[in-house]
Each structure stands twice: as structure tokens, then as C-alpha cells.
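Encoded as C-alpha cells, the structure appears first; notes follow it.
Just so you know, these numbers come straight off a predicted model, no measurement behind them. Below, each value reflects all heavy atoms present in this structure, side chains not excepted, and no hydrogens, waters or symmetry copies.
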Amino acid sequence: MEKLYQKLNQVGISSLVFGIITIVFGIGLGIVMIVNGARTLGGKRDIIF
């Protein structure tokens, strides 16, 4: 029974860590996309057709 509790503890901790990593990665990627979009909109006046 003790092994089951230890396993559940390990699974819970790893899920928490992966969740935090996913949130941080998602926020970072969102910021990069916003910056690139703003740069693209700012440079559209330089495009000549």
C-alpha cells in the first residue's frame, strides 16, 4: 500500500512540473507571436506592389 502512495506522489509531482513548464512555454510563445505580429504590421508600409 505504501508503494502505491509513493507512486501517486511521484505522478502528481511530475504532472505539476509538466503543467508549469507548459504554461511558461505557452506564455513565452504568445509573447513572441505578439511581437512578431506587431513588427509585421509596422513594416507593411514598406511593401510596394
For Phe25, the rest of its hydrophobic cluster, which grows through side-chain links under 4.5 angstrom = Leu29, Met33
Who are the side-chain contact (heavy atoms from CB on, under 4.5 Å) partners of Ile34, not counting sequence neighbours?
-> none
Name the atoms and distances for all side-chain donor-acceptor pairs under 3.5 Å in residues 2-14, with sequence neighbours left out.
{"residue": "Ser14", "atom": "OG", "partner": "Gln10", "partner atom": "O", "Å": "3.2"}
{"residue": "Ser14", "atom": "OG", "partner": "Val11", "partner atom": "O", "Å": "3.0"}

